[in-house]
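Worksheet: one structure, shown below.
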Number of protein chains: 2
Amino acid sequence: MINNELSKHAVLSQWIKENIENNTFKIGEKIPSENELASRFMFSRQTVRQAIGTLVAEGILVREHGRGTYVSLPGKKASAEKAMRIGVITTYLDDYVFPSIIHGIEEILTDNGYTLSLGITHNRPSDEENCLIQIMQSGVDGLIVEGTKSALPNPNGRLYEQIKEKHLPIVFINGYYRGYNDSYIILDDVKAGEMLTDILIDNGHSLIGGIFKSDDLQGIGRYEGLLKSIKKNNLTVNDSSIIWYTTEDFSYFFEGRMDKIILDRLNGVTGVVCYNDLVAAALVRLLKRNGKSVPEDLSIVSVDNSFLAKHMVCNLTSIVYPGKKIGKKAAQLLLQHINHSQKPEHVILEPYVKIRDSVKKLP
Amino acid sequence: MINNELSKHAVLSQWIKENIENNTFKIGEKIPSENELASRFMFSRQTVRQAIGTLVAEGILVREHGRGTYVSLPGKKASAEKAMRIGVITTYLDDYVFPSIIHGIEEILTDNGYTLSLGITHNRPSDEENCLIQIMQSGVDGLIVEGTKSALPNPNGRLYEQIKEKHLPIVFINGYYRGYNDSYIILDDVKAGEMLTDILIDNGHSLIGGIFKSDDLQGIGRYEGLLKSIKKNNLTVNDSSIIWYTTEDFSYFFEGRMDKIILDRLNGVTGVVCYNDLVAAALVRLLKRNGKSVPEDLSIVSVDNSFLAKHMVCNLTSIVYPGKKIGKKAAQLLLQHINHSQKPEHVILEPYVKIRDSVKKLP
DNA sequence: ACAAAAAAGATGTACGTACAAGTTGATATA
DNA sequence: TATATCAACTTGTACGTACATCTTTTTTGT
């Protein structure tokens, strides 16, 4: 080569690439034959073969003896190669419910020869962005995602659209972004909130408070359930008895400095619906610090039925959070999407409650 | 081709492959030049180029213009390509300590642009085998492994040797297989057992029992520490007061059917060193079922300082298990191995104990 | 109308030539 | 001695030819 320009085969392979991206050569369809390209570009057939050869090596084209050269399907290459992998992105891991979800996912995946890549977002959209980019770059066949801050508008919308463009199957758990018609698996949080509130009311409570997380759909849903139950039973709710917190201020809220404010806001209330066992445990400790006990001074109900619910000073009445079931279901659904690419499916699991002794029966 | 034999270029590329596997062509070194191979095999240079070309596409060889063709280094290809990944294999996940380990690992890895592939063995060697095969096939740059049944001879030794042959860095956590000089990070379990026993003895206890897991090194180590403390304080231990269990029979042991036997074996004992908080919690429930309480009737010390230790009916005195620290350290060590391939390092973390109120002071 | 055979057209293998371009070490020169 | 040059060897590009092999379409024979 006398000049600094690209070699002929490089020019040709780039030209083919561009035509694929322009959708001139559509995926799965045949590109012009070697001889035609040779005569069209006035290159020798060997040079054309070299150009096509590099694209075949990259997995962009597929040669079929006697038939022609075709634009390869995006998923085809990975599945034809070796071990398949799917990405799992959760908000936390060292909280109590997540391991069971991952465990459920892992069980299904290994049974089907898949490996699991894990990312943790700490419920921060910026971390979610990093996780998505990293995991996608490393090449996965599908994603199971617990979205960050699912109650707020999706901050990584652009990324999720890119995923869709790549035809990468995705299943959301514990929440979903409104407006995207993706598969998701959630617990019926409204029902859960309603069931818990019903229990308090059935035990004679009429002034009911709540502590909820405001930045994910689960918190909103459980609060909605509380309202539903209150309305159904012709009671009213005092807005100041509903305490909202976000991911960022949880530890700040319950570490002692806010004790007075919280107790004041729950003043008069006899039963509290807690977002989850972690909140319930924090509330129990808060009450203990201030000389009060559960259920004598305050009844508490909660969601998750975790370690905490079983082993705390006062055993919590708690909605069973079927983490493993959700994980398994999510993995099964994703594998269906990968293998048969069917319509999005929305699974809403019915909650059921484990009654313990954190609710006092009022006369 | 008139016959059913392999094509010439296929013969040649296979021949080169075999020579690499035979170590005739050593990694990083030059293979014979195209012209030499052509004349040696009586093939044309184009045919030789085709043979080499396929191996280059597979990442086995690297061509360098003007210099020659070299056998590529195994790690080179992956790192030159795209996202890097390391495999993490743990025994469990839905137990309480593992999420913190994973969390620590994940933190370091994402900071360095790595992704994490997860496998769970349930402490079963057969599952470990599957995990290792799957994760290795999917291509990782290194492994962090919590070996199954580390107290027993390594059942997947052949696999671990294969890993070594591939020069794949590996770091063990919570245990290691004797005889393999690999990097590992463990808590000083002997010291942990000794410290716990010391606490009981310092509080006036002289008849001390223990419940330990027999199939991993941690159990053995903690028992060894107990013996050390007993000996140091000129006491003796009654062998029947030391209860051993294995992974498989944990639930069977503590579900109720064995209550009498266990209580009988702990008869006379005033303090018990438990393998971990899970065992301690099970023991507390067992005692409660049988009308006894902690620490009034029996003092208990344990390892992990988990959720359970903090929230149980009786707050446990427990050795702090620094899961996140172990995870972070393991990831850092592995990255060092990947980038600078240095000697194996053995990190033994000093335990420290969180005193709570599960030990009664005897006169 | 159907089936077998032939033709046409695609990729696969294999050899050949020629020259370009990068790398290395030996040689000649200052 | 240091430096520049050159020769030898390496891989890279490009064209050419010939035939094999597989697939699809067309033709032909019944």
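Quick caveat, the model's predicted, so the values are computed rather than measured. Below, read A as the first sequence line, B as the second, and so on, with proteins coming before strands; counting in each chain starts at 1.
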In whole Å, I'd like the distance from the [atom1] atom of [X] to the [atom2] atom of [N].
X	N	atom1	atom2	result
L55(B)	dT11(D)	CG	C1'	16 Å
R63(A)	dC22(D)	CZ	P	16 Å
L61(A)	dA10(C)	CG	P	16 Å
F41(A)	dT13(D)	CZ	C1'	17 Å
L12(A)	dC15(D)	CG	P	11 Å
N35(B)	dA18(C)	CG	P	14 Å
I31(B)	dT11(D)	CD1	P	8 Å
F43(A)	dC15(D)	CZ	C1'	12 Å

Item to complete: Within residues 44-54 of chain A, find the residues that approach DNA chain C with a heavy atom at under 4.0 Å, and present them sorted by residue number.
Response: R45(A), Q46(A), R49(A)

So, is [X] near the phosphate of [N], with a side-chain N or O under 4.0 Å from OP1 or OP2?
X	N	result
K30(B)	dT10(D)	no
S33(B)	dT10(D)	yes
S7(B)	dG12(C)	no

With [X], which residues qualify under side-chain hydrogen bond (donor to acceptor under 3.5 Å, both in side chains), at least two apart?
X	answer
T69(B)	none
H65(B)	none
Y70(B)	R67(B)
S44(A)	T47(A)

Fill in: side-chain contact (heavy atoms from CB on, under 4.5 Å) partners for E161(B), two or more places apart
Y180(B)

Practice prompt. For K325(B), check salt bridge (Lys or Arg N to Asp or Glu O under 4.0 Å) against everything at least two apart and list the hits.
Written response: none

Discussion item. The criterion is salt bridge (Lys or Arg N to Asp or Glu O under 4.0 Å); which residues satisfy it with E129(A), sequence neighbours excluded?
Written reply: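 Per chain and number, E129(A) pairs via salt bridge (Lys or Arg N to Asp or Glu O under 4.0 Å) with no residue.
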
Worksheet item: Measuring from N154(B):CG to Y177(B):OH, what's the distance to the nearest 0.5 Å?
Response: 4.5 Å

Worksheet item: Does the ring centre of Y176(A) sit less than 6.0 Å away from the ring centre of Y184(A)?
Response: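 Yes, the ring of Y184(A) comes within the 6.0 Å limit of the ring of Y176(A), centre to centre.
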
Worksheet item: What pairs meet the salt bridge (Lys or Arg N to Asp or Glu O under 4.0 Å) rule with one or both residues in residues 26-35 of chain A, with sequence neighbours excluded?
Response: E34(A)-R45(A), E34(A)-R49(A), E34(A)-R63(A)

Worksheet entry | salt bridge (Lys or Arg N to Asp or Glu O under 4.0 Å) partners of residues 104-121 of chain A, not counting sequence neighbours, each pair once |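 Qualifying pairs, neighbours excluded: E107(A)-K324(A), E107(A)-K328(A).
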
Identify all pairs in which a protein N or O lies below 3.5 Å from an N or O of nucleotides 22-27 of chain C, and state each distance.
from	atom 1	to	atom 2	distance (Å)
dG22(C)	N2	G66(B)	O	2.9
dT23(C)	O4'	G66(B)	O	3.3
dT24(C)	OP1	R67(B)	NE	2.9

Atom pairs under 3.5 Å, N or O on each side, protein against nucleotides 6-8 of chain D: can you list them with distances?
none

